[in-house]
Amino acid sequence: MNKATRIVTLLFSLTTFNVNAGQPEQFDFHIPTLSGNAAIDGHFNEPQWQQAATTNIAIETRPGENIAAPVTTEVKMYATDTSLFLAFIAHDPHPSQIRAHLSDRDSVWNDDLVGIKLDTFNDARLAYQFFVNAYGVQIDSIENELTGDESDA
């Protein structure tokens, strides 16, 4: 593996999700529903990862607000009947500048993160958020899109 490449893999078990929330042009791909689970090991040699939908994250939301992402980050996605699998492959040319800390869950908001927001009601009001830093410290919360309030309770 190129030492300028960081790989972080996430697994979230979800019973319901809507991949068509948001603007239609943001979701010009289909997330396949596959059988079986891939190993969560940072390698993508299982058939599920080979068949996964792949797209690039083109937007940064923090510290910039909806600006072009400064580094290339791919995300691979597939679903099973009960789970959504995501793998983020972040190609950072300056890995020594990645901000990440080993700490308690839900306390790394100032780190560099990758993640996903899910609008499961498709109403642009509430988003379930799942993020992870380069050390695998996870954050999950619910964001009220109308008020901007977040709850990690």
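Taking 4.5 Å as the limit, some side-chain heavy atom of Asn56 sits within range of a side-chain heavy atom of Thr72. For the pair Lys76 and Ile89, the minimum side-chain heavy-atom distance is below 4.5 Å. You'll find the side chain of Val114 reaches within 4.5 Å of the side chain of Val132, heavy atoms only.
Every residue two or more places apart in sequence or in another chain that forms a side chain to side chain contact (heavy atoms under 4.5 Å, CB included) with Asp112 is listed here: Ile98, Arg99.
A donor-acceptor contact shorter than 3.5 Å is absent between the side chain of Asn144 and the backbone of Gly148. In terms of modelled atom types and a separation under 3.5 Å, the side chain of Asp111 and the main chain of Leu113 share no donor-acceptor contact. At least one donor-acceptor pair under 3.5 Å links the side chain of Asp106 to the backbone N or O of Asp140. For the pair Glu74 (side chain) and Ala90 (backbone), a donor-acceptor distance under 3.5 Å is absent. A donor-acceptor pair under 3.5 Å is absent between the side-chain atoms of Asp104 and the main chain of Ser107, judged by distance alone. Side chain of Tyr78 to backbone of Ala38: a donor-acceptor contact under 3.5 angstrom is found.
By the criterion of side-chain heavy atoms lying less than 4.5 angstrom apart, applied directly or through intervening Ile, Leu, Val, Met, Phe, Trp or Tyr residues, Ile116 is grouped together with Phe121 in one hydrophobic cluster. Two different hydrophobic clusters hold Val71 and Leu86 under the rule that ILVMFWY side chains link at heavy-atom gaps under 4.5 Å.
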Please table the atom pairs, donor to acceptor, closer than 3.5 Å between any side-chain atom in residues 124-131 and protein atoms at least two apart or in another chain.
from: Gln129; atom 1: OE1; to: Lys117; atom 2: NZ; distance (Å): 3.4
from: Gln129; atom 1: NE2; to: Ser141; atom 2: OG; distance (Å): 2.6

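Within the structure, salt bridge (charged side-chain N to carboxylate O under 4.0 Å, His left out) pairs that include any residue of residues 144-153 do not occur (at least two apart or interchain).
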Are Thr54 and Val75 close enough, and set up right, to give a side-chain contact (heavy atoms from CB on, under 4.5 Å), and what steps lead you there?
CA-CA 6 Å; Thr54 302; Val75 61; over 6 Å; no
